Amino acid sequence: MPDISTQIAGIKLETCVFNASGPNDVTLGELETVAKSVSSAITMKSCTLKPRKGNPEPRYHDLPEGSINSMGLPNLGYKEYIRLASILKSKYNKPIVASISGLALEDNIIIFKAFNESKADLIEFNPGSPNTIGKPTMGYDFEYLDRSLNEVTKICKKPVGIKLPPYFDFVHFEEVAKIIKKHKVAYISSINSIGNALVIDPVKEQVAIKPKGGFCGLGGKYIKYTTLANVRKFHELLPNVPIVGCGGIYSGIDVFELVLAGATAVQLGTIFMQEGPSCFKRIQDELRGYMKSKGYKSLGDFRGKLKTLD
Ligand code: SIN
């Protein structure tokens, strides 16, 4: 069978498919479900300095081809994820990805310092959430992005990745790539949900979720093509930075397309919410099957080798 293992910043992953930060990864019980599945790593919920209840409910809604959410970073606070990382590591010995989404630079400095003494293998900085009431999507503030990356990569002794919001303009891709080049960024995860979508129920004549008047992050199949474009563009601009594709992956062929665009691994979000932990095995098996049908033995055989029409 084809080999779908990969590596990010020297951390070996048995397969290139694991869970995204966000769905079903807040509590120890949820994280153990990921640990017991064939997800090749355990990504934990983005954490803040203090525990947060998150936004008022309803704050998640399934759509025919995806999902919307405005969770507002409900989490147990960073100290608890440091504790959970050591429990998970001792019981399951899988790579652990901590996700950090402090609400201010000072918070991130404290949290990143503390994670130096944790069992997390990779630390994912998440300035891309569109759902924090009263805060902009920090990944769109390039000055903040630069300053934060400078601080957290200086402090952190572990590989630091960054989960980016989606970008839509080549000028913005270039700006962000320039910032990433300046700092020690071990990988990019691309993309967070597409911010500030609006879903309307025409019968009730109302929005689908409560926070922010219904404005929400969009995920699932609706965003796959934006994910592909972001992965491709960052791969072109930063060919030596591993990219973890995230957003709209429902099948092994979706993973194949992302690797072709340049991804080193992928993270599953909405499909994990909707299908549960069996999605990891199904999608890994589908990827192996598709690679076999094409005669590919490993991801390196086709990674980044997308053809254009010129
Ligand atoms: C949330 O908790 O609102 C989602 C987190 C994210 O978008 O990164």
Side-chain angles (χ1 to χ4, degrees), residues 6-11 13 15-23 25 34 39-47 69 73 95-102 108 112 115 120-131 137-140 145 148-149 152-153 156 158-167 172-173 176-177 179-180 183-195 217 219-220 223-224 226-235 237-249 254-255 257-259 261-272 280 299 303-304:
T6 193
Q7 277 205 30
I8 300 173
I11 305 298
L13 300 171
T15 78
C16 62
V17 181
F18 59 104
N19 70 308
S21 177
D25 61 352
V34 177
S39 172
S40 63
I42 308 165
T43 308
M44 305 191 291
K45 177 70 184 170
S46 296
C47 63
N69 86 88
L73 298 170
I96 295 175
V97 184
S99 174
I100 297 180
S101 204
N108 282 320
F112 271 86
F115 267 98
D121 299 278
L122 300 170
I123 313 281
E124 198 165 285
F125 176 39
N126 175 18
S129 176
N131 303 326
T137 304
M138 313 239 199
Y140 292 142
L145 201 60
S148 309
L149 273 179
V152 303
T153 53
C156 193
K158 294 176 186 267
V160 177
I162 183 159
K163 171 93 171 253
L164 293 171
Y167 299 99
H172 296 159
F173 285 112
V176 174
I179 292 167
I180 287 173
H183 307 293
K184 214 168 155 243
V185 173
Y187 73 96
I188 291 170
S189 169
S190 174
I191 57 176
N192 208 313
S193 57
I194 296 187
I223 74 168
K224 180 180 112 174
T226 303
T227 307
L228 281 166
N230 275 253
V231 167
R232 183 64 185 167
K233 195 37 95 179
F234 281 119
H235 179 68
L237 293 167
L238 301 164
N240 298 321
V241 179
I243 301 176
V244 180
C246 180
I249 300 160
D254 291 336
V255 181
E257 290 175 9
L258 274 157
V259 175
T264 290
V266 302
Q267 292 169 323
L268 306 184
T270 296
I271 190 62
F272 176 36
F280 298 107
L299 301 176
R303 177 180 296 122

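Owing to the predicted nature of the structure, the values given are computational and were not obtained by experimental measurement.
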Between [X] (side chain only) and [Y] (backbone N and O only), is there a donor and an acceptor less than 3.5 Å apart?
X: N230; Y: Y167; value: yes
X: S21; Y: M44; value: yes
X: R232; Y: L258; value: no
X: K158; Y: A120; value: yes
X: S39; Y: A41; value: yes
X: T227; Y: G247; value: yes
X: D25; Y: K45; value: yes
X: T43; Y: A20; value: no

Testing the basics here: between [X] and [Y], what is the closest heavy-atom pair and its distance to 0.1 Å?
X: I191; Y: K163; value: O-CE, 3.8 Å
X: P159; Y: D121; value: CD-O, 3.4 Å
X: A186; Y: A9; value: CB-CB, 3.8 Å
X: I243; Y: S190; value: CG2-CB, 4.5 Å
X: Q267; Y: V244; value: CG-CG1, 3.4 Å
X: P23; Y: F272; value: O-CE2, 3.7 Å

Side chains of [X] and [Y], heavy atoms from C-beta outward: is any pair under 4.5 Å?
X: P166; Y: I223; result: no
X: V160; Y: V185; result: no
X: L164; Y: I180; result: yes
X: S189; Y: E124; result: yes
X: N108; Y: I100; result: yes
X: P127; Y: I162; result: yes
X: L13; Y: P95; result: yes
X: V97; Y: Y187; result: yes

Q: Check whether the ring centres of F18 and F280 lie less than 6.0 Å apart, and answer yes or no.
A: no
Spacing of [X] atom [atom1] and [Y] atom [atom2] [to the nearest 0.5 Å]:
X: C47; Y: N126; atom1: SG; atom2: CG; value: 10.0 Å
X: I249; Y: L268; atom1: CD1; atom2: CG; value: 6.0 Å
X: T264; Y: H235; atom1: OG1; atom2: NE2; value: 8.0 Å
X: L299; Y: T15; atom1: CG; atom2: OG1; value: 9.0 Å
X: T6; Y: R303; atom1: OG1; atom2: CZ; value: 4.5 Å
X: L145; Y: I179; atom1: CG; atom2: CD1; value: 5.0 Å

Q) Should the ring pair F112 and F125 be called parallel, tilted or perpendicular, given that the plane angle runs from 0 to 90° and is split at 30 and 60? A) perpendicular
